[in-house]
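I have placed the structure first, in the form of structure tokens, so that the comments after it can refer back to it.
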Amino acid sequence: QVQLVESGGGWVQAGGSLRLSCSASGRTFSNYVRGWFRQAPGKEREFVVLTSWSGGNTYYADYADSVKGRFTGSRDNAKNTMYLQMNSLKPEDTAVYYCAARSRLGSSRNQDEYDYWGQGTQVTVSS
């Protein structure tokens, strides 16, 4: 059974940092596109970042404009884990953050094209 589990969420003041983790089990995800999405209260879930395998130990990362330069997505294939380092956090980053994996070829920002999802972890940024 494939399972994605997020951790690392919490409360932080604006300007602070958090690191989210997404551990996977039941399948090796090294060749999968893996992404982070988030859903703020009253809003639809939105794309944050994806990492796509581009050969060897190299991954391509694609970021939403709202987080570019502040967030960094990374992967540790030995641990089957993906990370989201979030710096210079803003109150508008407050949301439930979800990790996801896509088994099909090609990267996508469309959440409907992801096959596996975690349960989400809350991130709250106070002003």
Side-chain angles (χ1 to χ4, degrees):
Q1 180 179 358
V2 175
Q3 192 173 19
L4 301 179
V5 179
E6 301 98 336
S7 61
W11 177 89
V12 66
Q13 287 189 322
S17 299
L18 281 175
R19 187 194 195 204
L20 305 184
S21 299
C22 174
S23 61
S25 60
R27 179 168 298 186
T28 299
F29 285 86
S30 59
N31 294 344
Y32 282 48
V33 174
R34 299 184 68 174
W36 288 95
F37 294 78
R38 66 186 182 185
Q39 186 168 20
K43 296 186 177 181
E44 294 186 352
R45 190 158 55 186
E46 64 176 7
F47 165 77
V48 176
V49 62
L50 67 85
T51 58
S52 178
W53 183 60
S54 54
N57 291 319
T58 304
Y59 288 86
Y60 160 79
D62 179 28
Y63 296 91
D65 288 343
S66 59
V67 306
K68 198 172 295 183
R70 300 188 298 122
F71 289 13
T72 303
S74 63
R75 301 165 68 148
D76 184 338
N77 286 334
K79 297 180 179 179
N80 216 13
T81 298
M82 179 173 64
Y83 303 97
L84 181 63
Q85 177 66 43
M86 304 185 294
N87 299 328
S88 301
L89 282 162
K90 305 175 181 180
E92 51 264 42
D93 294 319
T94 295
V96 177
Y97 284 71
Y98 299 89
C99 67
R102 166 181 163 84
S103 60
R104 289 157 280 178
L105 292 177
S107 59
S108 174
R109 293 186 171 195
N110 185 346
Q111 60 178 311
D112 294 333
E113 297 186 8
Y114 284 76
D115 305 296
Y116 306 103
W117 289 86
Q119 82 289 350
T121 185
Q122 176 70 46
V123 171
T124 302
V125 184
S126 65
S127 57

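A cation-pi arrangement, defined by a distance under 6.0 Å to the six-membered ring centre and an angle within 45 degrees of its axis, is absent between Arg75 and Tyr83. A cation-pi contact, defined as under 6.0 Å to the ring centre and within 45° of the axis, links Arg45 to Tyr98.
Hydrophobic clustering (side-chain heavy atoms under 4.5 Å, transitive across Ile, Leu, Val, Met, Phe, Trp, Tyr) groups Trp117 together with Leu50. The hydrophobic cluster containing Val123 does not contain Val96, counting ILVMFWY residues as joined when their side-chain heavy atoms lie under 4.5 angstrom apart, directly or transitively. Tyr116 and Val33 fall into different hydrophobic clusters, where Ile, Leu, Val, Met, Phe, Trp and Tyr residues are linked whenever their side-chain heavy atoms come under 4.5 Å apart, directly or through other members.
For the atom pair CG (Asn80) and OG (Ser23), the distance works out to 8.5 Å, reported to the nearest 0.5 Å. Tyr60 contributes atom OH, which lies 11.0 Å from atom OG1 of Thr51 (distance to the nearest 0.5 angstrom). Here the CH2-OG1 distance, from Trp11 to Thr124, works out to 9.5 Å after rounding to the nearest 0.5 Å. Arg102 contributes atom CZ, which lies 4.5 Å from atom CD of Glu113 (distance to the nearest 0.5 angstrom).
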Under the side chain to side chain contact (heavy atoms under 4.5 Å, CB included) criterion, do Tyr97 and Met86 qualify, and how do the steps go? CA-CA 11 Å; Tyr97 284 71; Met86 304 185 294; 3.9 Å; yes

Apply side chain to side chain contact (heavy atoms under 4.5 Å, CB included) to Ser103 and Phe29, showing your working. CA-CA 8 Å; Ser103 60; Phe29 285 86; over 6 Å; no

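Defined by atom type and a distance below 3.5 Å, a donor-acceptor pair is missing between the side-chain atoms of Tyr63 and Arg70.
A 4.5 Å side-chain heavy-atom check between Trp36 and Cys22 finds at least one atom pair inside the cut-off.
The main-chain N or O of Gly9 is found under 3.5 Å from a side-chain atom of Thr121 such that the two form a donor-acceptor pair. Under a 3.5 Å cut-off, the side chain of Asp76 and the backbone N or O of Met82 do not form any donor-acceptor pair. Proximity of a side-chain donor or acceptor of Thr28 to a complementary backbone N or O of Ser30 within less than 3.5 Å is not detected. Not a single donor-acceptor pair under 3.5 Å links the side chain of Arg109 to the backbone N or O of Phe47. In this structure a side-chain-to-backbone donor-acceptor pair under 3.5 Å is present from Asp93 to Lys90.
Tested against Asp115, the residues Arg104, Arg34, Arg27 include a single salt bridge (Lys or Arg N to Asp or Glu O under 4.0 Å) partner, Arg104. Across Val48, Val49, Asn87, a single residue satisfies side-chain contact (heavy atoms from CB on, under 4.5 Å) together with Phe71, and that is Val48. Test Glu46, Glu6, Glu92 against Arg38 for salt bridge (Lys or Arg N to Asp or Glu O under 4.0 Å) and you get one pass: Glu46.
When all heavy atoms of Pro91 and Ser126 are compared, the closest pair comes out as CG-C, 4.5 Å. Residue Pro41 comes nearest to Thr94 through the heavy atom pair CD-O, 4.3 Å, listed as atom of the first residue, atom of the second, then distance. Heavy-atom minimum distance, Leu4 versus Ala24: CD2-CB, 3.5 Å.
The aromatic ring centres of Phe37 and Tyr114 sit less than 6.0 Å apart.
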